Amino acid sequence: MRLPFGAALLLAFAWAVTGCPASDRDALLAFKASLNEPYLGIFKTWTGTDCCRNWYGVSCDPTNARVADINLRGESEDPIFEKAGRSGYMTGTINPSVCRLDRLTNLILADWKGISGEIPPCITSLSSLRVLDLVGNKISGRIPPAIGDLRRVTVLNLADNEISGEIPASIVQMSSLMHLDLRDNRISGGIPADFGKLTMLSRALLGRNQLTGTIPSSIATIYRLADLDLSMNHISGWVPEELGKMRVLSTLNLDSNWLSGKLPASLLSDTGMGILNLSRNWIEGEIPDVFGASSYFMALDLSHNNLKGKIPGSLSSAKYIGHLDLSHNHLCGAIPIGEPFEHLEASSFANNDCLCGNPLRTC
């Protein structure tokens, strides 16, 4: 029902006078009570009855004066940091009182280095949440099993913490998720087989964990995915051929795993792939001779594998290869002549069986 103009004006005036609801203010004060920020004094601004006005990092919806955003970053160009001449440091835990802010759209408590404890399971009840960013702390425990209830979240960033346990199966229900960053934690178990249900995803960053199992082939159905990082885990099996057929995928980091089998030709012939790192695995066989005039790699790292045979001559026809590392394999034969080989150093080819030619010894 649409309010008459006069009634709407009076209602807006009432909100302007009273400020945020007492329930929101009390929830914020309980949230603050569980945190300790000793250097910048940001919580000294959290005084008075109106938490919508001049409370550092707090923003409200102007239409109803409900708290909509908590945006507290420990690394910022805000004048309060410049004046202190340091980045932020905060300890304590995330109080479940934050779940009483049922109109919250952004919860950012990032890069404070010392916030510990678990993510309150009730966080999954915040149905309006769009951004959950807790990167750069000491948060432990598991990702809440019902994380999939956050259907509107577009950014989930829990990187650089001490989170353990498995990736919840419900995560594939986060139908709006575009950016997922779980790097640098202690997450174990496998990647959900139906991970491909996250059709809106553009970045999936899961590196530097303890993940096991294989790479789900369903990932190849995420047609918006541009950046996939599964590096430094314990992932085994073959590299799915379908990954090289993803039109948008431009960065693929699978290094430092237990991957085996042959190198898919599709990964090297994909003209959209710009960064490909498969180093430190158990990949075998020959390097497919599928490069062409449209091949453009800012970085191509196949080092520390079991590759054999010759370096493909078609590499010379590539439009650009900035960094190439084929060291620590079982390659043999003459290094092709011309770009990109003219600007590469011997370390790019070191510790192979019998490579020769510039920049190594003469054949």
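Because only heavy atoms are used, hydrogens play no part in the values below, and waters and symmetry mates are left out as well, while side chains stay in. Just so it is clear, the structure is predicted and the values come from calculations on it, not from any experiment.
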Legend entry - Residues Arg100, Asp26; criterion salt bridge (Lys or Arg N to Asp or Glu O under 4.0 Å); working and verdict: CA-CA 9 Å; Arg100 303 205 301 266; Asp26 291 345; over 6 Å; no
Inset, instruction - Tell me yes or no: between the side chains of Asp289 and Ser314, is some donor less than 3.5 Å from an acceptor? - result: yes
Inset, instruction - Examine Leu225 and Met200 and state if one hydrophobic cluster contains both, with Ile, Leu, Val, Met, Phe, Trp and Tyr joined whenever side-chain heavy atoms are less than 4.5 Å apart. - result: no
Inset, instruction - Output yes when a side-chain donor or acceptor of Ser269 lies under 3.5 Å from a complementary backbone atom of Val290, and no otherwise. - result: no
Legend entry - Verdict with supporting geometry, Cys356 and Cys363, disulfide bond (SG atoms under 2.5 Å apart): CA-CA 5 Å; Cys356 60; Cys363 292; 2.0 Å; yes
Inset, instruction - List the atom of Thr124, the atom of Asp149, and the distance in Å for their closest heavy-atom pair. - result: O-CB, 3.6 Å
Inset, instruction - Give a yes or no on whether Leu156 and Leu150 share a hydrophobic cluster (residues Ile, Leu, Val, Met, Phe, Trp, Tyr; joining criterion: side-chain heavy atoms under 4.5 Å apart). - result: yes
Inset, instruction - Check step by step if side-chain contact (heavy atoms from CB on, under 4.5 Å) holds for Leu72 and Phe43. - result: CA-CA 10 Å; Leu72 299 174; Phe43 288 132; 4.1 Å; yes
Inset, instruction - Check Ala65 against Gly19 and note the closest heavy-atom contact, atom names and distance. - result: CB-O, 3.8 Å
Legend entry - Check against side-chain contact (heavy atoms from CB on, under 4.5 Å), Leu206 and Leu180: CA-CA 8 Å; Leu206 311 179; Leu180 174 63; 4.0 Å; yes
Inset, instruction - Taking Asp181 for its side chain and Arg183 for its backbone only, find out whether a donor-acceptor pair lies under 3.5 Å. - result: yes
Legend entry - Cys20 backbone acceptor or donor facing Asp50 side chain under 3.5 Å: yes
Inset, instruction - Show the numbers, then the answer: is there a side-chain contact (heavy atoms from CB on, under 4.5 Å) between Lys113 and Glu75? - result: CA-CA 10 Å; Lys113 306 172 185 68; Glu75 295 181 2; 3.9 Å; yes
Inset, instruction - In plain terms, say whether Asp24 and Arg66 are close enough for a salt bridge, that is, a side-chain N and a carboxylate O under 4.0 Å apart. - result: yes
Legend entry - Any Ile215 side-chain heavy atom under 4.5 Å of Leu259 side chain: yes
Inset, instruction - State whether the side chain of Asn305 and the backbone N or O of Leu307 hold a donor-acceptor pair below 3.5 Å, judged by distance alone. - result: no
Legend entry - Ser218 (side chain) donor-acceptor with Ala193 (main chain) under 3.5 angstrom: yes
Legend entry - Shared hydrophobic cluster for Val135 and Met232 (ILVMFWY, side-chain gaps under 4.5 Å): no
Inset, instruction - Check the pair Cys51 / Cys60 against disulfide bond (SG atoms under 2.5 Å apart), numbers first and verdict last. - result: CA-CA 8 Å; Cys51 59; Cys60 296; 4.9 Å; no
Legend entry - Joint cluster assignment, Val172 & Val155, ILVMFWY side-chain distance < 4.5 Å: no
Legend entry - Gamma sulfurs of Cys122 and Cys99 within less than 2.5 Å: yes
Legend entry - Reference residue Met90; test side-chain contact (heavy atoms from CB on, under 4.5 Å); the match among Asn137, Ile42, Leu40, Asp111: Ile42
Inset, instruction - Treat each ILVMFWY residue as a node, draw an edge where side-chain heavy atoms are under 4.5 Å apart, and state whether Val248 and Leu276 are in one component. - result: no
Inset, instruction - Consider only side-chain N and O atoms of Glu242 and Ser217, and report whether a donor and an acceptor are under 3.5 Å apart. - result: no
Legend entry - Which atom of Pro38 lies closest to which atom of Tyr89, heavy atoms considered: CD-O, 3.4 Å
Legend entry - Minimum heavy-atom distance Pro145-Ser170, with the two atoms named: O-OG, 2.6 Å
Legend entry - Pair Asp69, Thr105: side-chain N/O donor-acceptor within cut-off below 3.5 Å: yes
Legend entry - Non-hydrogen atoms of Leu249 and Asp227 that approach each other most closely: CD1-N, 4.0 Å
Inset, instruction - Start with the C-alpha distance between Ser303 and Ser327, add both sets of side-chain angles, then the distance that settles side-chain contact (heavy atoms from CB on, under 4.5 Å), and finish with yes or no. - result: CA-CA 5 Å; Ser303 64; Ser327 66; 3.5 Å; yes
Legend entry - Over all atoms of both residues, closest heavy-atom pair of Met246 and Asp270: O-OD2, 3.7 Å
Inset, instruction - Would you mind reporting whether Thr212 and Trp258 have side-chain heavy atoms less than 4.5 Å apart? - result: no
Legend entry - Side chain proximity check, Ser59 to Asn71, heavy atoms < 4.5 angstrom: no
Inset, instruction - Determine the interplanar angle of the Phe31 and Trp46 rings, folded into 0 to 90°, and report it as parallel if under 30°, tilted if 30 to 60°, perpendicular if over 60°. - result: parallel
Legend entry - Leu324 backbone acceptor or donor facing Ser348 side chain under 3.5 Å: yes
Inset, instruction - Decide if atom CZ of Arg186 counts as having more than 12 heavy atoms of other residues, nucleotides or ligands within a radius under 6.0 Å. - result: no
Inset, instruction - Indicate yes or no for a side-chain donor-acceptor contact from Asp353 to the backbone of Leu331 under 3.5 Å, with no hydrogens or angles considered. - result: no
Legend entry - Under 3.5 Å donor-acceptor, Asn329 side chain and Leu302 backbone: yes
Inset, instruction - Kindly say whether Leu211 contributes a backbone atom to a donor-acceptor pair with the side chain of Asn257 at under 3.5 angstrom? - result: no
Legend entry - Check: Ser294 main-chain N/O paired with Thr271 side-chain donor or acceptor under 3.5 Å: no
